[in-house]
**Student:** 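What follows is a structure written as structure tokens; I'll ask about it next.
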Amino acid sequence: PGVVEVAEAATEEERRRRWEVLLEARGEEAADRLEASLALGGDAAMANDSNEDTADVRARSVTEILEHIKVDVATAEAWPLLFSAVDGGAVVGEGDPRAVDAEVCISAGFEGGNLRRVRRDPSGGLEILLNGDTNNSKSCFWFFFELSACEDVVLRLRIVNLSKSGSTFLDGQHVAALRPGDEAWTRGGSGYAYFPNRYAIEGCGRLYTLSFSLALKVGTTRIAYFYPYLLGDVFADLRVLRPGGDWLDAYDLGPTPGGRRLPMLVITDFADVVAAVERQRPRVVVSARVHPGEAPASHMMRGVLELLLSSSEEARALRRRFVFVVFPLLNPDGVALGNGRSNSAGLDLNRYWENPPAGSEVAVVRRELAKLQASPPGIFAHLDLHAHSGKHGVFTLSNPGCTALPDWLAESGDVLFDRAQCTFSATKGKRGSARCVSWREFGVLHAHTIEASYGKIPSKQRHLTAADLRQLGGTLVRACAAMAEQAPPPPPPTTVAVAAQALVPAARRGAPKRAAAAIARL
């Protein structure tokens, strides 16, 4: 309390006056503790303490905003510029003196990267400015960049234009880092703080700073909001998971507005087509990454694919029972551009499923959903995978009365799932979301948004991992199968021709080596 009032003071003199009043109100002991919390560096800064006390993070956040307020604007303008992206995002080239200094070289010139400007403050720390979403600068939270060090060094990083007011960074979340010589991403950093600052961008609300210390080893370290997952990772996973039997077909619904592929996967037992026609397998739709910065969704999706494309008896039974229609990356343009919520046109696509703009990604996918629902027995479930930056664990945003899925997940005992955080509503603001449109317009009873944290498991005892999310992806598939067992049987088939057409296009029915050919097309 009081910190925001200090930040909003109109003049430097008024800021200092409010700062003194705030310190006096906190008392000398509290002020001493706040000052001590800023003492970072050396071994303490190099420690990766994932169990930082929330009170310490908040105390450090208060300290840093007060230090931030004391900086004179004219002085800050003269800080050395180390990196700048100019002319609509072209990265300053190698050899440009702004892109490198004696300690570190900075870059984000790769798919999914997001970095706009870096300058060095008097303490030696790096002040980092991100790009807002393409054509929507009000949204800014995803970051992904790399720092190349010529010697071991500990740096204080301050990312200063995040748009989220509430964040699990205030409650123990750490960034993801890929260090020199490592094959896997891990959590990193220490001395975290998250606080409102006095910077402003025209048309945006209040901005927030994420501050942390990171120990860099010689070589290149990549840093991201969460473990990145790009369109290329989808194709790489499909090559790794490529089935040995006839149960995968793939389609490119693109090009997207940015000219990229928009993959759709159909997973079922194509070899058992006669029995499938007799039963008319219900469809289960799973979609992810309509919000491009929500990388946890893709790790859940990978778990879905790991189960469905495997040769296990469980997977065989699932494929004989259902047709799974999977949209693994709904917004490939936004992912490639390093956006948080928007596509290349600046649209939050999960507000446009009701009336999608012509040519948009959701317009194409909605047509596919309409075809699936129009062909009996329709869509049994639609799981739309997302991520949440303000809460820990995994939970659902469900439609009114649709409790079967969250109830089953709660009973499953999955370490990530938190039934208490689930909601059951269809408000006006969510009317254009995938789960509301599937429920209201297509009559899909089991239509849910699955929200996964970037931070920790519900108990907050540890960070959640990519492996946790993959495991949950498989659990979601099992939940659909369990709910189907309790559902009434589907109506009898209309005609053999209609049922067969709904399962697999006639031109590809019975095609040899279907999976290999499908992946090659993508």
Side-chain angles (χ1 to χ4, degrees), residues 1-9 14-71 76 121-128 141 143 154-175 187-199 206-215 223 225 389-392 453-463:
V3 172
V4 171
E5 285 76 5
V6 174
E8 290 177 340
E14 179 63 12
R15 277 194 295 274
R16 292 187 182 278
R17 187 191 69 78
R18 294 186 184 184
W19 151 240
E20 304 228 345
V21 170
L22 178 62
L23 281 186
E24 183 178 353
R26 290 182 177 277
E28 292 183 6
E29 182 179 348
D32 290 343
R33 180 177 181 230
L34 292 177
E35 292 297 332
S37 73
L38 195 61
L40 303 169
D43 294 337
M46 296 183 72
N48 181 13
D49 179 12
S50 63
N51 295 312
E52 281 187 294
D53 187 83
T54 300
D56 291 337
V57 176
R58 294 181 183 274
R60 191 179 300 111
S61 299
V62 172
T63 302
E64 290 217 14
I65 189 176
L66 296 174
E67 293 294 325
H68 165 73
I69 290 166
K70 290 191 292 184
V71 175
D121 66 30
S123 71
L126 302 184
E127 183 191 75
I128 297 169
F141 75 90
F143 54 85
V154 177
L155 289 177
R156 189 71 178 168
L157 308 181
R158 294 183 176 90
I159 302 173
V160 299
N161 64 319
L162 299 173
S163 58
K164 301 271 190 176
S165 58
S167 172
T168 45
F169 281 116
L170 266 172
D171 202 17
Q173 180 188 339
H174 287 186
V175 301
R187 303 285 184 159
S190 63
Y192 277 79
Y194 193 89
F195 54 90
N197 60 50
R198 62 176 178 174
Y199 292 138
R206 178 173 299 283
L207 300 177
Y208 295 82
T209 294
L210 170 64
S211 178
F212 59 97
S213 295
L214 189 67
I223 302 160
Y225 194 98
S389 64
K391 296 181 179 180
H392 295 291
S453 176
Y454 298 88
K456 297 188 173 185
I457 64 176
S459 67
K460 304 180 186 178
Q461 293 178 337
R462 65 171 176 84
H463 280 100

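We number each residue from 1, following the sequence as shown.
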**Student:** I need the His463 NE2 to Thr168 OG1 distance, nearest 0.5 Å.
**Tutor:**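 OG1 of Thr168 is found 8.0 Å from NE2 of His463.
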**Student:** Which heavy-atom pair separates Gly189 from Leu214 by the least distance, and what is that distance?
**Tutor:**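 It is N-CD1, 3.5 Å.
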**Student:** Do the side chain of Ser389 and the main chain of Ser167 share a donor and acceptor less than 3.5 angstrom apart?
**Tutor:** no
**Student:** Side chain to side chain contact (heavy atoms under 4.5 Å, CB included), that's the test. Do Gln173 and Tyr225 meet it? Break it down for me.
**Tutor:** CA-CA 10 Å; Gln173 180 188 339; Tyr225 194 98; 4.0 Å; yes
**Student:** Which pair of heavy atoms, one from Pro196 and one from Ile65, lies closest together, and at what distance?
**Tutor:**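 For Pro196 versus Ile65, the nearest heavy atoms are O-CD1, 2.7 Å.
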**Student:** Mind checking whether Phe141 and Tyr454 have parallel, tilted or perpendicular rings, split at 30° and 60°?
**Tutor:**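 The rings of Phe141 and Tyr454 stand perpendicular, inter-plane angle above 60°.
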**Student:** Could you grab the distance from atom CZ of Phe212 to atom CD1 of Ile223, nearest 0.5 Å is fine?
**Tutor:**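 The distance works out to 5.5 Å.
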**Student:** Could you give the distance from CG (Leu126) to CG (Asp121), rounded to the nearest 0.5 Å?
**Tutor:** 7.5 Å
**Student:** Which residues satisfy the ring pair (Phe, Tyr, Trp, His ring centres under 6.0 Å) test with Tyr199, sequence neighbours excluded?
**Tutor:** His68
**Student:** Could you please spell out the steps behind the side chain to side chain contact (heavy atoms under 4.5 Å, CB included) verdict for Leu170 and Ser61?
**Tutor:** CA-CA 8 Å; Leu170 266 172; Ser61 299; 3.9 Å; yes
**Student:** Closest heavy-atom contact between Gly124 and Leu155?
**Tutor:** O-CD2, 4.0 Å
**Student:** Do Glu64 and Arg156 sit within salt-bridge range, that is, some charged N less than 4.0 Å from a carboxylate O?
**Tutor:** yes
**Student:** Would you check, one step at a time, whether the test side chain to side chain contact (heavy atoms under 4.5 Å, CB included) holds for Val175 with Leu210?
**Tutor:** CA-CA 10 Å; Val175 301; Leu210 170 64; 4.3 Å; yes
**Student:** Write down the atom of Tyr208, the atom of Ser165, and the distance for their closest heavy-atom approach.
**Tutor:** OH-CB, 3.2 Å
**Student:** How far does CG of Leu162 sit from OG1 of Thr209, to the nearest 0.5 angstrom?
**Tutor:**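 If we round to the nearest 0.5 Å, Leu162:CG and Thr209:OG1 are 7.5 Å apart.
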**Student:** With rounding to the nearest 0.5 angstrom, report the OG to OH distance, Ser211 to Tyr192.
**Tutor:** 10.0 Å
**Student:** List the atom of Val160, the atom of Leu207, and the distance in Å for their closest heavy-atom pair.
**Tutor:** O-CB, 3.9 Å
**Student:** Got a donor-acceptor contact below 3.5 angstrom from the His392 side chain to the Lys456 backbone?
**Tutor:**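 Such a contact is found between His392 side chain and Lys456 backbone.
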**Student:** Quick check: closest heavy atoms across Phe169 and Val57, and the distance to 0.1 Å?
**Tutor:**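 Heavy-atom minimum between the residues: O-CG1, 3.7 Å.
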**Student:** Using a 3.5 Å distance criterion without hydrogens, assess whether the side chain of Arg60 forms a donor-acceptor pair with backbone atoms of Ala193.
**Tutor:** no
**Student:** Could you go step by step and tell me if Ser123 and Arg158 meet the side chain to side chain contact (heavy atoms under 4.5 Å, CB included) rule?
**Tutor:** CA-CA 12 Å; Ser123 71; Arg158 294 183 176 90; 4.1 Å; yes
